[in-house]
Protein chains: 2
Amino acid sequence: MLTDEYRYKILKELQQDPDISQRELAKRLDISLGKVNFCLKALIEKGLIKAENFKNSTNKMGYLYLLTPKGIEEKVSLTQRFLQRKLKEHEALEKEIEQLRQEVKT
Amino acid sequence: MLTDEYRYKILKELQQDPDISQRELAKRLDISLGKVNFCLKALIEKGLIKAENFKNSTNKMGYLYLLTPKGIEEKVSLTQRFLQRKLKEHEALEKEIEQLRQEVKT
DNA sequence: TATTATCGTTCACCAATTGAACGCAGCATA
DNA sequence: TATGCTGCGTTCAATTGGTGAACGATAATA
């Protein structure tokens with residue numbers, strides 16, 4: 001399934017590196033090739049990216065995954081939501097760490 | 001599967017509340033009853049806890065899940081490892097937040 | 001005794017994920 | 001030209017992980 005997390009991560013990777021293979025993307029995000037393929041299809045389906053045929057200078061022949069205007073919008077929105085989420089996680093983590101420190105003392 | 005995270009969380013709950021039902025444990029850890037049952041079995045298998053028959057004052061008839069000496073040791077070790085892990089996560093999170101802030105600016 | 005409530009256990013079912021296998025395209029070498 | 005190699009996207013059978021309804025057992029209660 002395509003969670004917010006992977007939607008964000010994939011859009012981010014593609015934005016800064018549109019010519020990237022699905023295999024490479026899988027490595028970077030530490031997920032399987034199948035999942036990458038599935039997520040990309042979903043993103044195309046939603047109109048957030050489009051895949052253009054593309055011949056690399058080397059022996060590659062693949063796609064260029066470009067963010068559509070809608071994709072760019074979505075990515076901004078996701079980034080903001082992500083920041084908020086991470087701030088909450090940060091706060092929770094500090095409490096957890098404090099609790100662990102207390103526990104280690106015992 | 002029994003991850004470090006759940007090994008830690010379960011040992012912690014059991015230590016401070018040995019008479020607890022699997023259902024209650026499932027609620028607290030927000031996992032299914034089946035998973036709790038599976039994890040408890042695994043912990044018993046590893047000799048980290050033992051289940052003693054136990055008659056509650058109320059109408060309950062269940063087990064008392066007691067940490068073995070080995071279980072207590074393991075829990076201390078897990079706690080320390082967990083603290084270390086959380087400190088790393090904390091650091092990573094701060095970087096991520098900083099990065100997100102930069103990104104939001106753009 | 002019959003009923004109710006809670007216990008641990010089980011397991012068929014579902015959803016998510018994996019990665020080997022495939023066909024295709026481009027390049028390099030014989 | 002033909003052959004082999006590499007990397008591409010795509011597919012899908014197989015595995016894994018998680019779920020919770022259902023079950024039998026036990027103890028309190030009516």
Side-chain angles (χ1 to χ4, degrees), chain A residues 1-68 71 78, chain B residues 1-68 71 78:
Chain A
M1 49 169 305
L2 179 52
T3 59
D4 265 17
E5 182 181 358
Y6 286 109
R7 198 155 54 231
Y8 167 71
K9 285 183 179 176
I10 292 177
L11 288 180
K12 186 177 170 192
E13 287 294 333
L14 294 186
Q15 198 172 42
Q16 65 188 40
D17 200 357
D19 70 322
I20 181 177
S21 71
Q22 297 188 5
R23 281 170 177 74
E24 175 60 22
L25 197 48
K27 276 185 201 165
R28 289 196 198 171
L29 304 189
D30 198 30
I31 55 180
S32 71
L33 177 59
K35 186 170 179 179
V36 165
N37 189 269
F38 175 85
C39 289
L40 287 178
K41 274 186 185 168
L43 289 174
I44 291 170
E45 179 77 18
K46 285 178 192 294
L48 301 183
I49 61 174
K50 59 181 171 172
E52 284 191 0
N53 260 307
F54 164 73
K55 292 185 238 287
N56 198 339
S57 58
T58 70
N59 60 345
K60 291 190 222 165
M61 161 60 202
Y63 288 124
L64 210 54
Y65 299 103
L66 297 170
L67 272 64
T68 63
L78 273 172
Chain B
M1 50 170 305
L2 178 52
T3 60
D4 264 16
E5 182 180 357
Y6 285 109
R7 199 155 54 230
Y8 167 71
K9 286 183 178 175
I10 292 177
L11 288 180
K12 185 178 171 188
E13 287 294 335
L14 295 185
Q15 198 173 41
Q16 66 187 37
D17 200 356
D19 70 320
I20 182 178
S21 71
Q22 297 187 5
R23 281 171 178 73
E24 174 61 22
L25 197 48
K27 275 185 201 163
R28 291 197 197 169
L29 304 190
D30 197 30
I31 54 181
S32 71
L33 177 58
K35 186 170 178 179
V36 165
N37 189 268
F38 175 84
C39 289
L40 287 178
K41 274 187 184 168
L43 289 174
I44 291 171
E45 178 77 20
K46 286 179 190 294
L48 301 183
I49 62 174
K50 59 181 173 175
E52 283 192 1
N53 260 306
F54 166 72
K55 292 184 240 286
N56 198 339
S57 57
T58 71
N59 62 345
K60 290 189 222 167
M61 160 61 199
Y63 288 124
L64 209 54
Y65 299 102
L66 298 170
L67 272 64
T68 62
L78 272 171

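Labels below follow one simple rule: chain letters A, B, ... track the order of the sequence lines, proteins then strands, and each chain is numbered from 1. Note that this is a predicted model, so its numbers are computed, not measured.
- Between K35(B) atom NZ and dT19(D) atom C1' there is a gap of 11 Å when expressed in whole angstrom units.
- When the C1' atom of dG26(C) is taken as reference, atom CZ of F54(A) falls 14 Å away, rounded to whole Å.
- At a threshold of 4.5 Å between non-hydrogen side-chain atoms, the residues L48(B) and R7(B) count as touching.
- Between the P atom of dC7(C) and the CD1 atom of I20(B) lies a distance of 10 Å, rounded to the nearest Å.
- Identified under the salt bridge (Lys or Arg N to Asp or Glu O under 4.0 Å) test for residues 32-48 of chain B, with sequence neighbours left out: none.
- Atom CE of M1(B) is separated from atom C1' of dT17(C) by 14 Å (rounded to the nearest Å).
- Looking at heavy-atom distances under 4.0 Å, Y63(A) makes contact with sugar-phosphate atoms alone, never a base.
- For dT9(C), the OP1/OP2 oxygens have a side-chain nitrogen or oxygen of Q22(B) closer than 4.0 Å.
- Looking at the side chain of Y65(A), the nearest of the listed nucleotides dG9(D), dT11(D), dT18(C) is dG9(D).
- Put simply, NZ on K27(A) is 13 Å from C1' on dC8(D), counting in whole angstrom units.
- When distances run from any side-chain atom of N37(B) to the nucleotides dT10(C), dA22(D), dC8(D), the shortest one goes to dT10(C).
- Residues I31(B) and K9(B) form no side-chain contact, since every pair of their non-hydrogen atoms from C-beta on lies 4.5 Å or further apart.
- Applying the 6.0 Å contact sphere to CZ of F38(B) captures no more than 12 heavy atoms from other residues, nucleotides or ligands.
- Taking 4.0 angstrom as the limit, S32(B) places none of its side-chain polar atoms (N or O) nearer than this to OP1 or OP2 of dG20(D).
- When each of L33(A) and L2(A) is assigned the nucleotide of DNA chain C bearing its nearest heavy atom, the one mapping closer to the 5' terminus is L2(A).
- Atom CG in D30(B) sits roughly 10 Å away from atom P in dG20(D) (whole-Å rounding).
- Remark: P of dT11(D) and NZ of K41(A) are 4 Å apart, rounded to the nearest angstrom.
- One donor-acceptor pair, N or O on each side, does fall under 3.5 Å between the base of dG8(C) and the side chain of R23(B).
- Atom CZ of F38(B) is separated from atom P of dT16(D) by 12 Å (rounded to the nearest Å).
- E24(A) places a side-chain heavy atom less than 4.5 Å from the side chain of K27(A).
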